[in-house]
S.K.: 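One structure, pasted below without further comment.
Lettering of chains follows the sequences in order, A, B, ..., and the numbering in each one begins at 1. Bear in mind that the values here come from a model prediction, so they are computed numbers and not experimental data.
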2 protein chains.
Amino acid sequence: MTALQMACGSCAMHRLCHPLTGAEGWLDAVQARRRLERGQKLFRAGAPQAAIFAVRAGTLKVSAPDGAGGHFIVRFLLPGDAAGLDGLAGGVHPTEAVALEDCQVCEIPRVRAEILAEGIPTVGAVLRSLIASQLAGSQVHSALLARHAAGERVARFLLDLSRRWDERGYSAASFRLPMLRSEIGEHLGLTMESVSRVLSDFQSRGWIRLTRGAIALLDLDQLRACAAIPLR
Amino acid sequence: MTALQMACGSCAMHRLCHPLTGAEGWLDAVQARRRLERGQKLFRAGAPQAAIFAVRAGTLKVSAPDGAGGHFIVRFLLPGDAAGLDGLAGGVHPTEAVALEDCQVCEIPRVRAEILAEGIPTVGAVLRSLIASQLAGSQVHSALLARHAAGERVARFLLDLSRRWDERGYSAASFRLPMLRSEIGEHLGLTMESVSRVLSDFQSRGWIRLTRGAIALLDLDQLRACAAIPLR
DNA sequence: CCCGTTGCATGATTTAAATCAAGTCCGCCG
DNA sequence: CGGCGGACTTGATTTAAATCATGCAACGGG
């Protein structure tokens, strides 16, 4: 396991796995810790939803197939992120999750989560909060796709990653980009070429520095200014 | 009240208001039925989330302000739809809801919903399911915005409304369009002009018939074919 | 170590939709 | 009834991003 590992304390599901402070009996909410190799699927679109997941180490992409071989990438997962919650409506995963690198993932069977939610009110509240949080995030992303230019989309994407790494205690200014340019494009509604052009432009302005598989944000203020300016 | 009214039986929140079949005691989950005039706000973006809502009659738009006077319209609400769930993460509404016409809306205070969820397991499950359903829907909408052309967006929008009216027992082929062209555009990431051109084009092909404030879908198959074809 | 593949960058051209600009239709109110 | 304003349509032009095309650089397997 070379990927950064997340402490349970800063995991999105922490209050779900450990609902009763100090009570060790609930640690077994997590039935298994799965290891995934790069490219392996954590769950498949259309498959019955057997569990919800928390990323312990590594990064993944969550994507929705468009029925014609293409994929829209709904979000990227960092350590501590929850996954598979969008299947809680119909019992079937509408999306799939694929490891961008070697990963370690905690798995809470759906049934176990439901039993916990019935027994412990805070668990139900945490679950609702997690799903609602992803809903709010998805709505913001829709707004980004509907109304904002390429430069702004890329700037917000970088700042979003920066903030999330920061929240996890890692550098907000310098992090790996484990996804391909084409995958950034599939997330932002742009082509690979457009993503590449915008990144090159940012670099030529001195706002970022690109190295293989990683990025340094050199001027957060300029990026924020770029990201904040609406189209009209 | 001129707008069509929804029977509680086909409301998204039915199993939340009436969790125990035959037990009348839970009917008071709904604390109030509010009336809204066209243009009135049901809740405001940034306001503390005091309640969740179910539309009983009329239609509304749910929109996210973009910080520069513009709005992205997240979804339109029909009778029986739930609203305000995206505030369950942070306790603050990230979006606002505005009546497109005179409306009647059921209101369940947040605290009451939480008490019910604690007391009755199915209520918690219904709540999770409602939020997860909106999450899945929002993700699909993101994919639409990211990857699909104007004609396809409009076709899907019309078919989505058609399906939803159908589910409610009304005509799938003919319904009112209470929102402005510009509002359809704000929902689909298009300008008013583009929406108008696409609708005119559909009409000239004989796929739809537009009348003031309403639409008839004349060729669902052609619309479906248009909506299903991905960009690549 | 070389070569083929894969990911990325960048230039030229095309295109879909935005923008700019009239003009029409209708409901409303004086 | 008649003029006004808001909603919508339609046309001309511009523009941002897609598409098409090419080249480069790093990596990995033989």
S.K.: Take atom CG of A:L145 and atom P of D:dA18, then tell me their distance rounded to the nearest Å.
M.R.: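 After rounding, the reported distance stands at 12 Å.
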
S.K.: Does OP1 or OP2 of D:dA17 have a side-chain N or O of A:R197 closer than 4.0 Å?
M.R.: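 The answer is no; no side-chain N or O of A:R197 sits under 4.0 Å from OP1 or OP2.
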
S.K.: Let me spell it out: for each of A:R153 and A:M192, pick the nucleotide of DNA chain D with the closest heavy atom. Which residue's pick is nearer the 5' end?
M.R.: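 Looking at DNA chain D, the more 5' nearest nucleotide goes with A:R153.
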
S.K.: Hey, mind stepping through A:I215 and A:L217 against side-chain contact (heavy atoms from CB on, under 4.5 Å) and telling me if it holds?
M.R.: CA-CA 7 Å; A:I215 190 172; A:L217 308 189; 3.9 Å; yes

S.K.: Has A:T191 got a side-chain N or O lying under 4.0 Å from the OP1 or OP2 atom of D:dA18?
M.R.: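 Yes, such a contact exists.
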
S.K.: Do the charged groups of A:E186 and A:K61 touch, with an N to O distance under 4.0 Å?
M.R.: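 No.
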
S.K.: Is the closest basic N to carboxylate O distance between A:D221 and A:R224 below 4.0 Å?
M.R.: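 Yes.
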
S.K.: C:dG7 P sits how many Å from A:L177 CG, rounded?
M.R.: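 Going from CG in A:L177 over to P in C:dG7 covers 15 Å.
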
S.K.: Return the value, rounded to whole Å, for the distance between atom CG of A:L190 and atom P of C:dT15.
M.R.: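 Roughly 20 Å, once rounded to whole Å.
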
S.K.: In whole Å, I'd like the distance from the CD atom of B:E186 to the P atom of C:dA18.
M.R.: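 Between P of C:dA18 and CD of B:E186: 13 Å.
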
S.K.: Check the phosphate of C:dC8 against A:R181, side-chain N and O only, distance under 4.0 Å to OP1 or OP2. Yes or no?
M.R.: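 So the side chain of A:R181 is within the cut-off, an N or O lying under 4.0 Å from OP1 or OP2 of C:dC8.
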
S.K.: Quick one: do A:R56 and A:D81 make a salt bridge, cutoff under 4.0 Å?
M.R.: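 Between A:D81 and A:R56 there is no salt bridge, as every charged N stays at least 4.0 Å from the carboxylate O atoms.
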
S.K.: B:L210 or A:A150: which one's nearest nucleotide on DNA chain D is closer to the 5' end?
M.R.: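 Between the two, 5'-proximity favours B:L210.
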
S.K.: To the nearest Å, how far apart are A:L180 CG and D:dA25 P?
M.R.: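 Checked: the CG to P distance equals 20 Å.
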
S.K.: For B:G189, report the nucleic acid contact type (base, sugar-phosphate, nothing); a contact means any heavy atom under 4.0 Å.
M.R.: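 Result for B:G189 = sugar-phosphate.
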
S.K.: Quickly work out the B:E193 CD to C:dA22 C1' distance and round it to whole Å.
M.R.: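 It is 12 Å, rounded to the nearest whole Å.
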
S.K.: Looking at D:dC8, C:dT10, D:dA17, which one has an atom nearest to any side-chain atom of A:S200?
M.R.: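 Closest nucleotide to the A:S200 side chain: C:dT10.
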
S.K.: Tell me: CD1 of B:I184 to C1' of D:dC8, nearest whole Å?
M.R.: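 Atom-to-atom, B:I184 to D:dC8, this comes out as 11 Å.
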
S.K.: Just the rounded figure in Å: distance from P of C:dA9 to CZ of A:F202.
M.R.: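 My rounded result for the distance is 13 Å.
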
S.K.: Would you call A:D201 and A:R197 a salt bridge, taking side-chain N to carboxylate O under 4.0 Å as the test?
M.R.: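 No, no charged N to carboxylate O under 4.0 Å.
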
